[in-house]
Amino acid sequence: MYLGVDYYPEHWPKEMLEQDLNGIKDLGANIIRIGEFAWHLMESEEGEYDFTFFDEVIAKAKERGLSVMFGTPTATFPAWLAKKHPSILSEDENGQKRVFGGRRQYCFNSKIYREYSAKITRKLVEHYQNEEAIVAWQIDNEFGHEGSDMCYCNQCHQGFQEFLARKYDGSIAKLNETYGTIFWGQTYNDFSEIPMPTKTITTHNPSLELDWARFRSFSVNSYAHEQTEIVKELKGAHQQVTTNVSGGFFDKWFDHEENVKPMDFVSYDNYPVWGGLAEPITPAAIALNHDFNRGLLDKNFWIVEELMGAQGHNVIGYLPRPNQAAMWSYQAFAHGCTDLLYFRWRGMTKGAEQFCYGVVDHDNHYGRKYKEVQSVFETIRPYEEVLQSPIESDVALLYDYDNIWSWRFQTQTESYDFMNEALRLYTPFYNLNVNIDVVPTTRDFSKYKVLLVPTLQIIDEELGERLKEFVSSGGTVYFSYRTGIKDKNNNIHFQKTLPGFAAEISGITIHEIESLSSGESVRIKGEGKYEGRTGECTTWRDIITPQAAKTLYRYDDPFYPEAAVTKNVYGKGSVYYLGAGIGEEIIQDFAEETVEDHVIPYQVSEKGVEVYSRKLNGANYHFLMNHTETVKAFKDITLQPYESKIVKAED
Ligand code: GAL
């Protein structure tokens with residue numbers, strides 16, 4: 001089990017190296033992560049490779065029994081390269097080149113950048129392939145982060161046209177037909193006429209936009225895979241390969257499952273609070289992030305950057321309360337993290353991240369945070385085997401990047417956000433402390449009992465059939481509004497009653513819809529067993545006509561008093577259709593019913609107390625996390641503010 005810190009020895013006087021490594025060792029760490037931004041240090045002039053600095057760091061780390069994760073340095077290229085080849089720099093939507101100075105400003109479609117990246121990565125891995133201390137390679141750093149997955153330069157434009165020519169078998173007629181370019185007279189005679197969707201008057205063709213997103217994904221992933229191949233070809237047999245996934249993954253322009261496919265394991269950078277945020281994201285949102293990362297390769301994962309101090313570039317916000325960052329680490333371990341490194345060993349006095357506080361701060365005092373890390377490392381080690389154990393879930397939340405991108409281009413309602421919609425369905429089950437997987441729609445559904453399917457507007461016949469099969473054989477599906485309106489080309493289904501390929505299993509039809517602007521809400525009222533209950537919906541509403549389904553809630557509206565929420569029994573299973581942005585309390589009732597019906601293990605806990613269950617050799621382990629600033633209890637166990645612990649459970 002690897003526990004450690006992200007260390008940037010190049011930021012400090014050489015004389016500090018031994019003292020730092022001793023401090024890291026005394027933390028109880030056994031690994032450091034280094035190198036990912038140090039290209040210039042390894043190749044200060046073109047072709048002059050020099051790894052002596054890191055040779056010494058690694059030798060000294062080894063003396064202390066510390067292993068190493070080494071990052072390939074392509075996220076920050078040297079200034080000489082940008083000066084010599086300005087074409088490597090990416091461009092924004094206005095055609096403005098991103099100048100040298102920040103990070104990640106390279107264009108994924110620059111052949112020149114690919115060549116230089118290949119050369120430095122080759123040299124680096126060749127140099128260290130036999131280095132026993134290096135146990136893992138990290139490719140680049142946080143692909144696509146900070147808007148770096150979008151570029152509108154000429155190389156991308158040409159690449160896009162070639163991508164389309166391949167996709168449509170060289171037939172421009174096929175593309176015209178698919179896109180419906182007859183609309184507004186946009187018919188193309190040749191692939192070379194096709195624009196990138198930069199600024200125009202009103203909006204671009206939705207099919208073209210979705211293809212552009214797929215092209216962005218192809219650009220990032222083909223670069224990532226080229227780099228991964230090089231590392232795999234040259235690395236020592238004892239070394240593994242990974243890349244670190246950043247937060248905000250649903251807002252990125254590349255398919256993450258595809259990205260990590262050739263990796264040995266997934267790494268995640270866990271920052272429950274960052275920049276100017278006044279408070280952390282919700283405990284459920286942090287949990288969903290972990291479940292997403294576990295779902296990428298369907299196995300447990302590492303965290304290579306775990307927050308300890310306050311973070312921010314120009315604006316800094318919330319300071320984690322004592323033990324809160326430790327509790328977040330325990331939450332990560334609960335959800336499948338097996339190995340963890342804190343960002344960063346010490347805050348840097350110079351450069352863009354002066355305000356990214358570490359385990360140690362600029363005064364070099366080993367204080368409260370140092371002791372907190374020490375205690376996490378000491379207390380988690382005995383549970384190594386529990387952390388390694390695979391996680392089984394009966395519930396899965398499904399996502400599809402095509403669908404997310406299609407929403408991103410046409411949000412249809414100003415308050416739409418995919419993560420919010422995912423959390424709307426995820427949170428009620430999270431509140432019941434049920435294990436949940438977060439996986440793409442392409443996965444096998446048969447191992448699950450419940451599928452949570454937020455705003456999946458793209459459903460083709462094949463996916464519709466798989467969902468039907470799942471429900472027929474006993475599964476429960478939760479759909480939310482706008483389900484099944486589109487095909488894979490981002491066009492609306494013709495002559496199909498909504499919700500399209502989900503209509504039959506949902507037992508409903510939808511003929512009218514309304515987008516609710518920010519601040520707008522509609523009252524809903526319960527029926528049957530929910531008689532007397534009321535609530536509000538926001539964001540969107542489908543006006544539902546039940547066919548076989550039962551109405552659970554309807555709109556309290558004289559003009560459209562139709563159903564807002566329905567439940568249908570289909571085959572051996574059932575489908576909830578939540579036609580609007582319904583509040584969490586209402587969905588909570590359904591979630592409770594569902595876990596009871598399917599006999600899914602769950603735990604009742606106070607609000608703010610998370611209980612995550614893991615199994616090992618027939619024993620049950622409960623990870624307990626108090627996410628609040630007040631004393632709480634789980635059964636007869638008291639939890640101090642932000643306390644976390646593992647208990648071997650009787651059940
Ligand atoms: C991460 C990034 C690190 C550092 C950190 C600051 O997103 O990988 O290099 O910038 O944020 O919090």
Side-chain angles (χ1 to χ4, degrees), residues 4-12 31-41 69-77 98 101-106 136-149 220 224 227 242-252 254 256 259-260 263 266-277 280-281 285-286 289-290 292-293 301-320 324-325 328-329 332 337 340-362 369 373:
V5 291
D6 301 313
Y7 182 39
Y8 301 91
E10 68 275 23
H11 294 175
W12 309 104
I31 193 166
I32 52 173
R33 169 173 166 264
I34 57 173
E36 81 271 19
F37 299 121
W39 188 336
H40 186 272
L41 198 58
M69 170 181 265
F70 209 115
T72 62
T74 50
T76 50
F77 46 81
R98 281 131 177 178
R103 61 174 170 182
R104 303 208 50 79
Q105 332 83 313
Y106 65 85
W137 290 100
Q138 171 193 308
I139 309 289
D140 204 280
N141 187 76
E142 293 191 333
F143 278 118
H145 199 38
E146 295 155 341
S148 60
D149 46 8
V220 176
Q227 284 284 302
T242 185
T243 187
N244 54 336
V245 175
S246 67
F249 36 78
F250 288 141
D251 300 331
K252 301 279 192 286
F254 67 100
H256 284 53
N259 184 262
V260 303
M263 310 288 170
V266 167
S267 303
Y268 176 54
D269 294 347
N270 186 35
Y271 292 91
V273 67
W274 207 89
L277 287 183
I281 58 172
I286 310 171
N289 287 346
H290 295 309
F292 170 89
N293 280 284
F301 58 97
W302 288 36
I303 287 190
V304 295
E305 293 184 20
E306 174 78 18
L307 164 142
M308 183 38 71
Q311 302 283 308
H313 283 159
N314 297 330
V315 179
I316 327 164
Y318 184 89
L319 170 66
Q324 191 171 16
W328 285 328
S329 309
C337 167
L340 178 143
L341 292 86
Y342 286 100
F343 185 87
R344 50 184 283 159
W345 162 239
R346 182 171 48 239
M348 172 56 164
T349 56
K350 301 174 185 173
E353 297 204 331
Q354 289 174 311
F355 302 134
C356 290
Y357 290 86
V359 174
V360 176
D361 292 330
H362 311 88
K369 292 180 288 174
V373 171

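Both counts, for ligands and for their atoms, begin at 1 and track the order of listing. Owing to the predicted nature of the structure, the values given are computational and were not obtained by experimental measurement.
- Contact annotation for Leu307 and ligand 1: no heavy atom of the residue comes within less than 4.0 Å of the ligand.
- Looking at Ser329 and Tyr342, their side chains come closer than 4.5 Å, going by heavy atoms from C-beta outward.
- Close approach of ligand 1 to His145 is summarised as follows: ligand atoms under 4.0 Å from at least one heavy atom of the residue are 7 (O).
- Going from atom CZ of Arg103 over to atom CG of Asn141 covers 6.0 Å, rounded to the nearest 0.5 Å.
- Protein heavy atom in closest approach to atom 9 (O) of ligand 1: Arg103 NH1, 2.9 Å.
- Less than 4.0 angstrom separates some heavy atom of Asp269 from each of these atoms of ligand 1: 8 (O).
- Of the protein's non-hydrogen atoms, Glu305 OE1, 3.3 Å is the one closest to atom 3 (C) of ligand 1.
- Heavy-atom contacts of Glu142 reach the following atoms of ligand 1: 1 (C), 2 (C), 7 (O), 8 (O) (cutoff under 4.0 Å).
- Regarding atom 6 (C) of ligand 1, its nearest protein heavy-atom neighbour is Gln311 OE1, 3.4 Å.
- Atoms of ligand 1 lying under 4.0 Å from any heavy atom of Cys356, numbered from 1 in the order shown and given with element: 6 (C), 12 (O).
- To the nearest 0.5 Å, atom CE of residue Met308 and atom CG of residue Asp6 are 12.0 Å apart.
- The ligand atoms of ligand 1 that sit less than 4.0 angstrom from a heavy atom of Trp274 are 6 (C), 12 (O).
- Looking at Ser267, its side chain never comes within 3.5 Å of a backbone N or O of Trp302 through a donor-acceptor pair.
- By the 4.5 Å heavy-atom criterion applied to side chains, Tyr106 and Arg98 are not counted as neighbours.
- Residues His256 and Phe254 place their aromatic rings such that the two centres sit under 6.0 Å apart.
- The protein atom (non-hydrogen) at minimum distance from atom 10 (O) of ligand 1 is Glu353 OE2, 2.4 Å.
- Scanning the protein for heavy atoms near atom 5 (C) of ligand 1, the closest one is Tyr271 OH, 3.3 Å.
- A donor-acceptor pair is defined here as one N or O able to donate and one able to accept, closer than 3.5 Å; no such pair exists between the side chain of Glu36 and the backbone of Ala38.
- Thr242 is listed as a side-chain neighbour of Met69, based on a closest heavy-atom distance under 4.5 Å.
- Ligand 1 places these atoms under 4.0 Å from at least one heavy atom of Asn141: 2 (C), 8 (O), 9 (O).
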- Item | salt bridge (Lys or Arg N to Asp or Glu O under 4.0 Å) evaluation trace for Glu305 with Arg33 | CA-CA 9 Å; Glu305 293 184 20; Arg33 169 173 166 264; 3.0 Å; yes

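- Taking a cut-off of under 4.0 Å to the non-hydrogen atoms of Phe37, the atoms of ligand 1 that pass are 9 (O).
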